[in-house]
Amino acid sequence: MADDNKPLNFIQQAISGDLGTGAITKIVTRFPPEPNGYLHIGHAKSICLNFGLAQQFGGNCHLRFDDTNPEKESEEYVQAIIKDVQWLGFQWHGEVRYASDYFDQFYAWAQHLVCEKKAYVCQLSSEEMRKNRGTLTAPGTNSPFRESSVEESLELLEKMKDGDVAEGSMTLRAKIDMASPNISLRDPVMYRIKKMPHHRAGDKWNIYPAYDFAHCLEDAIEGISHSVCTLEFTSNRPLYDWFINSLPVPSKPRQFEFGRLNLNYSVTSKRKLKQLVDGNYVDGWDDPRLPTISGLRRRGVPAVAVRNFCDSLAVAKTDGLVDLSQFEFFIRDELNKNAPRAMAVLHPLKVVITNLPEGHLEQLPAPCHHELQLGDRNLPFTREIYIDANDFKEEYSKKLNKKLSPGRRVRLRHCYVIEADDYLKNETGDVIQVNATLVSETLGKDPIDGIKPKGVVHWVSATNCVDCDVYLYDRLFSDPLPDSGDKDFLEMIEKESLKILTNCKAERSLADVEIGVPYQFEREGYFCKDSHSGDSKKIVFNQTIALRSSWTDILS
RNA sequence: UGGGGUGUCGCCAAGCGGUAAGGCAGGGGCUUUUGAUGCCCCCAUGCGGAGGUUCGAUCCCUCCCACCCCAGCCA
């Protein structure tokens, strides 16, 4: 996975240095999601980074749920996240871990800090605390409870834990420096009261540890050597180090921050994704238009494509905005190499090959892949077939010389050459049938008269095919930056982002394909059977991505 | 405005004092029973700006500019 020729990024350099000096003998990383939503492509970058680092340097990577806030967390998210990490192809070391497993230790350490006079119970309300915190330019002022006795704080902390005091009435705070230019250090909250059951700890606790207090200790308990997080935590690092250095922890992890992944035309914010799901703007967390891992999976994006994309991204301190086209490249790259080929007609137009007898049936072998040895499948060739309406033009034109038109020829893919004679229209003026002649002896050969067709067209037997619906997806947002602050991202939802084609015809072999396994529908794109197809009799195919095209068709 | 971080091609980026890698996108050409794929070529006298140090600076120094993060009992 990691390319040996690639220069080491700054985290790899640090690890390599630590290993070189003997500061550590084995690296341990971790992926620490909060179970408050589904994973998305941004998390994939973090997953690939953390698991990749461990792999590369012969260490371990843990999967640990940072479940310190029962208000937002649930078992549903835990299960979804576990499934997504596995699907991406990673296996964590040991059991799945939970911050909640360490709650007793956290509490003991909190008491330890109180005894050391490095923490105190503060009875300021949240509004008062906010006022006392100062501003970016003005220092804060000390809480009146800052010098409470050890005994008093210990006693109040116990009461907080036992649920004897009201929510919001007090907190446990670290005693650091209310005048620090770094606001994270202005006596941060360590524990807050939440009289709420926890998805794993049940009713045991009425207080829950805050991120800054908990996260560094979770890392230290697990012996994490390199704690990798995103840029916005940079100013929290001094606090991370403060707890580590103030407590008798078993190890001293170091925090490194990298720039998170931003993709244009996408939202990668759990809050906004949840809004889209809860507001029914999309079909659940796994809607194929979402950049969630489950959405990508449902859409047919292979895990290896996600990994390759993430590995192509630099680990740096710049927060860049990556072009969707860069992701699409890796999707197509993987699919082109490995997806079996098949044919399906999305806008069926009947073609009657008049010089073939009624009931003509010929099984034509067609390779499932042009390079891979995937074998052949048989295509039933009959007198009536469907081609795509876009591949027939009433008038020939030089620009469209690969299309079928009266008097012109086209090669049916893996089949014969046909020549159009005439066509029928309905009352609204749509072409509804083309009559054509098969040019003899053109199976695997050019016509003997030397008139070689310019175009190749995909087709399906009209009498031996399966009906299906095809869902075409476009970007969910019309704006390249739906996520950027001031605008309302819900107003930028692209109304046409889902187009449903209900009259599609697919070759027989596509009837029983496995859900989620991508196929290339030749000349159209990559598709997979939808996981929600089960509801109706009809098969639903999701378009993973269209083929790259140097051609822009006039019709769609 | 205090603190922290970042600025190299449209996008992502390497570069660690010796004279601007690579990928994506884009343009051109060849091949092709997928207008796909593959292959070939083109695409920064320039590294946020201005000074300075040096034989030599994207890399060092100074000042300036822009953008991002921090004032949740969220993570």
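Chain letters run A, B, ... following the sequence lines, proteins first, then strands; residues in each count from 1. Quick caveat, the model's predicted, so the values are computed rather than measured.
Listed by first and then second residue, the salt bridge (charged side-chain N to carboxylate O under 4.0 Å, His left out) pairs that reach into residues 179-190 of chain A are A:Arg146-A:Asp187, sequence neighbours excluded. Sorted pairs that involve residues 157-189 of chain A and meet ring pair (Phe, Tyr, Trp, His ring centres under 6.0 Å), not counting sequence neighbours, are lacking altogether.
When the ring pair (Phe, Tyr, Trp, His ring centres under 6.0 Å) test is applied to A:Phe213, the partners found at least two apart in sequence or on another chain are A:Tyr191, A:Phe243. When the side-chain contact (heavy atoms from CB on, under 4.5 Å) test is applied to A:Val228, the partners found at least two apart in sequence or on another chain are A:Ile11, A:Arg30, A:Leu49, A:Asn50, A:Leu53, A:Phe258. A:Tyr107 is linked by a side-chain hydrogen bond (donor to acceptor under 3.5 Å, both in side chains) to A:Glu158, counting only residues two or more places apart in sequence or in another chain. Scanning for ring pair (Phe, Tyr, Trp, His ring centres under 6.0 Å) contacts around A:Tyr265 gives an empty result, with sequence neighbours left out. Every residue two or more places apart in sequence or in another chain that forms a salt bridge (charged side-chain N to carboxylate O under 4.0 Å, His left out) with A:Lys194 is listed here: A:Glu71.
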Under 4.0 Å protein heavy-atom contact, by nucleotide of nucleotides 8-16 of chain B - B base, S sugar-phosphate only
---SSSSSB
Show me the protein contacts with nucleotides 26-28 of chain B, counting only N or O atoms at under 3.5 Å.
none

Can you pull every protein N or O that's under 3.5 Å from an N or O on nucleotides 72-75 of chain B?
{"residue": "B:G72", "atom": "OP2", "partner": "A:Arg133", "partner atom": "NH2", "Å": "3.1"}
{"residue": "B:C73", "atom": "OP1", "partner": "A:Arg133", "partner atom": "NH2", "Å": "3.3"}
{"residue": "B:C73", "atom": "OP2", "partner": "A:Arg133", "partner atom": "NH1", "Å": "3.0"}
{"residue": "B:C73", "atom": "N3", "partner": "A:Gly168", "partner atom": "O", "Å": "3.3"}
{"residue": "B:C73", "atom": "N4", "partner": "A:Leu124", "partner atom": "O", "Å": "3.0"}
{"residue": "B:C73", "atom": "N4", "partner": "A:Ser126", "partner atom": "N", "Å": "3.2"}
{"residue": "B:C73", "atom": "N4", "partner": "A:Gly168", "partner atom": "O", "Å": "2.6"}
{"residue": "B:C74", "atom": "OP2", "partner": "A:Arg192", "partner atom": "NE", "Å": "3.1"}
{"residue": "B:C74", "atom": "OP2", "partner": "A:Arg192", "partner atom": "NH2", "Å": "3.2"}
{"residue": "B:C74", "atom": "OP2", "partner": "A:Lys194", "partner atom": "NZ", "Å": "3.2"}
{"residue": "B:C74", "atom": "O3'", "partner": "A:Arg192", "partner atom": "NH2", "Å": "3.0"}
{"residue": "B:C74", "atom": "O2'", "partner": "A:Asn69", "partner atom": "ND2", "Å": "3.4"}
{"residue": "B:C74", "atom": "O2'", "partner": "A:Lys72", "partner atom": "NZ", "Å": "3.4"}
{"residue": "B:A75", "atom": "OP1", "partner": "A:Thr68", "partner atom": "OG1", "Å": "2.9"}
{"residue": "B:A75", "atom": "OP1", "partner": "A:Arg192", "partner atom": "NH1", "Å": "3.4"}
{"residue": "B:A75", "atom": "OP1", "partner": "A:Arg192", "partner atom": "NH2", "Å": "2.6"}
{"residue": "B:A75", "atom": "OP2", "partner": "A:Arg192", "partner atom": "NH2", "Å": "3.4"}
{"residue": "B:A75", "atom": "OP2", "partner": "A:Tyr211", "partner atom": "N", "Å": "3.1"}
{"residue": "B:A75", "atom": "O3'", "partner": "A:Asp66", "partner atom": "OD2", "Å": "2.8"}

Could you give the side-chain donor-acceptor pairs of residues 454-461 of chain A under 3.5 Å, partners two or more places apart or in another chain?
{"residue": "A:His458", "atom": "ND1", "partner": "A:Ala344", "partner atom": "O", "Å": "3.2"}
{"residue": "A:Trp459", "atom": "NE1", "partner": "A:Arg413", "partner atom": "O", "Å": "2.8"}
{"residue": "A:Ser461", "atom": "OG", "partner": "A:Thr382", "partner atom": "OG1", "Å": "2.8"}
{"residue": "A:Ser461", "atom": "OG", "partner": "A:Thr463", "partner atom": "N", "Å": "3.2"}
{"residue": "A:Ser461", "atom": "OG", "partner": "A:Thr463", "partner atom": "OG1", "Å": "3.4"}
{"residue": "A:Ser461", "atom": "OG", "partner": "A:Asn464", "partner atom": "N", "Å": "3.0"}

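Contact check, A:Ser550 against B:A36: a side-chain N or O comes under 4.0 Å of OP1 or OP2.
Taking a pair as Watson-Crick or G-U with both hydrogen-bonding distances under 3.5 Å, the stems of three or more pairs touching RNA chain B are B:2-7 with B:65-70, B:10-12 with B:22-24, B:26-30 with B:38-42, B:48-52 with B:60-64.
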